[in-house]
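Notes follow once the structure below has been shown.
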Amino acid sequence: MKYTPIPVKEVVSNPHVGSKVSIAGRVVAIRRHGKLVFVDLVDDGVRIQLFLTPSTTGEEGFKWFLDHVDLGDFINVHGELFYTKRGELSVKIEDYQLISKALRSPPVKYGHRIIDPEVRYRKRHLDIMLTPKIRRIFEVRFKAIEEIRKFMWSRGFIEVETPILQPVYGGAAARPFKTYVWALGEEWYLRISPELYLKRLIVAGFNKVFEIGKNFRNEDIDVHHNPEFTMMEAYQAYADYHDMMRLTEDLVSTVAQKVLGTTKVTYPVEVEEGKVEEVEINLSPPWKRIRLVDALREYAGLDPEKLSDDEVKELLRKYQLKIPGGYDRGRAIVKLFDRLVGRKLVQPTFVIDFPASSSPLTKPHRENPEYAERFEAYIAGLELANAYTELNDPVLQAEYFRMEEERKKKGDVEAHPYDWDFVEALEYGMPPTGGLGVGIDRLIMIFTGSTSIKEVILFPMMKRGQELGESGQGKPR
RNA sequence: GGGCCCGUAGCUCAGCCUGGUAGAGCGGCGGGCUUUUAACCCGUAGGUCCCGGGUUCAAAUCCCGGCGGGCCCGCCA
């Protein structure tokens with residue numbers, strides 16, 4: 001190329017009118033007015049207008065441009081910066097080269113939304129290319145992940161990587177994806193959580209670790225769930241779930257401030273039956289803390305501590321809730337909470353102290369062993385985070401694993417498998433530890449006001465479609 | 001897993017109820033236009049009506065099955 005292009009972003013942020021610039025980008029609009037042509041060029045998400053006439057490029061260059069440059073092509077441009085009569089910063093093209101050809105024209109005009117969600121998600125390159133608002137969602141996502149790392153590093157956490165392929169899955173209640181390792185001749189799993197490996201690192205003597213990565217859960221796909229999703233998990237020695245609550249609210253509010261410039265966001269919430277409104281959500285600490293049983297009392301008018309088992313079972317029937325692996329009072333109460341309360345928690349709320357039997361990796365509550373020192377953080381009705389004071393007693397952990405095995409035998413496909421290796425690790429001694437998992441995709445939903453997780457995942461899982469080939473989007477030229 | 005809705009030109013959609021020559025706008029292409037920016041004006045081309053089967057003299061339209069998508073419910077501690 002004759003000239004080395006500089007980013008359009010630099011040109012736009014500090015325009016030296018009258019100087020010559022060399023830029024490159026994709027042609028997204030051509031407006032022809034006889035012998036006077038305006039072109040919109042986009043480079044790395046930044047748009048600038050180009051201007052050409054036979055007098056700027058020469059008759060031949062002018063004609064060649066109109067004959068050969070199409071929407072979607074990349075061109076390299078050299079020319080003078082000036083303002084048009086309407087006051088728009090533009091580059092007067094003196095020289096240009098076609099540097100890459102688009103064989104399909106874009107399906108919609110730049111700046112417009114692609115309507116069909118199937119096209120948007122399957123051909124995300126088009127969605128992002130043509131719709132700056134969509135690109136913005138992902139800019140928020142990538143910046144937020146960067147700021148999460150900076151925050152964790154600043155708190156002294158080290159970032160680690162643990163296995164995604166695991167011989168025994170664990171750390172959550174979920175069905176796994178299976179895979180096969182030819183080298184070993186064994187069936188392995190994609191992780192449903194990094195939890196048990198991260199706790200091994202606490203056993204190893206690292207005091208503060210975190211990992212950002214994909215988890216895989218073989219479950220249904222809906223507006224809140226994608227089978228592969230991104231979690232940030234953190235573990236801190238000598239900490240408990242109260243410390244994790246402070247860490248969570250500091251993390252979310254700090255990252256929001258850095259990325260969005262504010263700790264207030266708006267999100268569409270169903271304020272009453274069938275009526276959705278944009279509600280302002282304040283992410284500043286401290287967040288509300290409420291015991292799970294109190295939340296049921298406050299938001300659903302139920303008092304789990306006074307209900308008999310028969311009454312709990314009746315409520316399960318009423319709301320058509322099932323407990324896989326057989327009735328368990330604690331799990332039933334959590335189910336009722338999920339069904340009746342979760343979606344009502346719009347402002348940031350820590351729901352704390354879960355029934356012990358629902359939380360097999362959590363340390364029993366220091367004052368009442370019927371409960372576990374666990375919380376879930378809710379924002380906009382979304383479960384954003386899950387955390388607890390980690391169970392570091394290998395004897396009790398082994399007992400919980402045995403109970404999970406029993407549940408699995410009774411048909412709970414999501415019960416934990418027994419992880420002997422993890423129990424053995426605990427037997428070498430693990431300090432008191434607080435652990436936290438934050439759903440990154442859901443955090444980005446909250447930051448961007450997105451009501452579907454697909455909006456914040458670059459390539460959400462979709463069923464195999466037909467090969468569109470020549471009938472695909474954008475007409476082949 | 002259950003319910004409802006959708007699939008027609010590159011895009012957005014009408015036509016379907018009540019069977020009879022496949023339409024519009026935008027985009028494309030050609031022409032006009034010297035400060036536009038969803039430019040404008042004139043002209044023009046463009047179809048696997050999602051796929052398969054059935055009914056019928058005749059199916060985009062009616063019926064059955066399938067595929068894909070969306071929303072809701074269940075499930076997701």
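In what follows, chains carry the letters A, B, and so on, assigned in the order in which the sequence lines appear, proteins first and then strands, with residues in each chain numbered from 1.
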Which whole-number value in Å describes the distance from [X] [atom1] to [N] [atom2]?
X: A:K318; N: B:rC73; atom1: NZ; atom2: P; result: 17 Å
X: A:L36; N: B:rG32; atom1: CG; atom2: P; result: 15 Å
X: A:L66; N: B:rC33; atom1: CG; atom2: C1'; result: 13 Å
X: A:L336; N: B:rA77; atom1: CG; atom2: C1'; result: 12 Å
X: A:F82; N: B:rU35; atom1: CZ; atom2: C1'; result: 8 Å
X: A:I93; N: B:rU36; atom1: CD1; atom2: P; result: 18 Å
X: A:L71; N: B:rC11; atom1: CG; atom2: P; result: 16 Å
X: A:Y110; N: B:rC26; atom1: OH; atom2: C1'; result: 19 Å

Given [options], which nucleotide is nearest the side-chain atoms of [X]?
X: A:K85; options: B:rU35, B:rA77, B:rA39; result: B:rU35
X: A:E88; options: B:rU36, B:rA77, B:rC73; result: B:rU36
X: A:F38; options: B:rG74, B:rU35, B:rG70; result: B:rU35
X: A:R374; options: B:rC71, B:rC75, B:rA77; result: B:rA77
X: A:E118; options: B:rU37, B:rU35, B:rG68; result: B:rG68
X: A:H112; options: B:rA77, B:rG74, B:rA38; result: B:rA38
X: A:K35; options: B:rU34, B:rC75, B:rG69; result: B:rU34
X: A:S358; options: B:rU35, B:rA77, B:rG70; result: B:rA77
X: A:D116; options: B:rU35, B:rC72, B:rU12; result: B:rU12
X: A:R86; options: B:rC13, B:rU34, B:rU35; result: B:rU35

Applying a 4.0 Å non-hydrogen cut-off, can you work out what [X] is touching in the nucleic acid: base, sugar-phosphate, or nothing?
X: A:H224; answer: nothing
X: A:R331; answer: nothing
X: A:D40; answer: nothing
X: A:R120; answer: nothing
X: A:R175; answer: nothing
X: A:L321; answer: sugar-phosphate
X: A:V37; answer: nothing

> Is the ring centre of A:Y378 less than 6.0 Å from the ring centre of A:F337?
Replying inline: yes
> Are the aromatic ring centres of A:F51 and A:F82 under 6.0 angstrom apart?
Replying inline: yes
For atom [atom1], what is the distance between [N] and [M], given to the nearest Å?
N: B:rU48; M: B:rU44; atom1: C1'; answer: 24 Å
N: B:rC67; M: B:rC57; atom1: P; answer: 32 Å
N: B:rU12; M: B:rG54; atom1: P; answer: 32 Å
N: B:rC4; M: B:rA45; atom1: P; answer: 44 Å
N: B:rC62; M: B:rA39; atom1: C1'; answer: 46 Å
N: B:rU18; M: B:rA9; atom1: C1'; answer: 27 Å
N: B:rU36; M: B:rG23; atom1: P; answer: 38 Å
N: B:rG25; M: B:rA38; atom1: C1'; answer: 13 Å

Should [N] form a Watson-Crick or G-U wobble pair with both distances under 3.5 Å, which nucleotide is its partner?
N: B:rC62; answer: B:rG54
N: B:rG19; answer: none
N: B:rG1; answer: B:rC73
N: B:rC67; answer: B:rG7

> Mapping A:G87 and A:V108 onto RNA chain B by nearest heavy atom, which one lands closer to the 5' end?
Replying inline: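 Upstream on the strand: A:V108.
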> Which residue lies toward the 5' end of RNA chain B, A:H416 or A:S90, if each is placed at its nearest nucleotide?
Replying inline: A:S90
>> Counting neighbours of CZ on A:R175 that are heavy atoms of other residues, nucleotides or ligands and sit closer than 6.0 Å, is the number greater than 12?
In response: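 No, not enclosed.
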>> Is it true that, when you exclude A:W64 itself, more than 12 heavy atoms of the residues, nucleotides or ligands shown sit nearer than 6.0 Å to its CH2?
In response: yes
> After noting the C-alpha distance and the side-chain angles of A:R331 and A:E404, does the key distance pass the salt bridge (charged side-chain N to carboxylate O under 4.0 Å, His left out) rule?
Replying inline: CA-CA 13 Å; A:R331 283 165 198 262; A:E404 288 290 312; 2.7 Å; yes
Report yes or no: is there a donor-acceptor pair, N or O only, under 3.5 Å between the side chain of [X] and the base of [N]?
X: A:T53; N: B:rU34; answer: no
X: A:D70; N: B:rG28; answer: no
X: A:Q49; N: B:rU36; answer: yes

Check this for me: does any side-chain nitrogen of one of [X] and [Y] sit under 4.0 Å from a carboxylate oxygen of the other?
X: A:K409; Y: A:E405; result: no
X: A:E298; Y: A:K344; result: no
X: A:R217; Y: A:E414; result: no

Hey, is the side chain of [X] poking within less than 4.0 Å of OP1 or OP2 on [N], counting only N and O atoms?
X: A:K454; N: B:rG70; result: yes
X: A:R31; N: B:rA39; result: yes
X: A:K109; N: B:rA38; result: no
X: A:R122; N: B:rG69; result: yes
X: A:R32; N: B:rU36; result: no

>> For a quick test of reading the model, state the closest non-hydrogen atom pair linking A:K199 to A:L361 and the distance between them.
In response: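 Reported closest heavy-atom pair: NZ-O, 3.6 Å.
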> Picking from A:K363, A:R374, A:R366, what satisfies salt bridge (charged side-chain N to carboxylate O under 4.0 Å, His left out) with A:D240?
Replying inline: A:R366
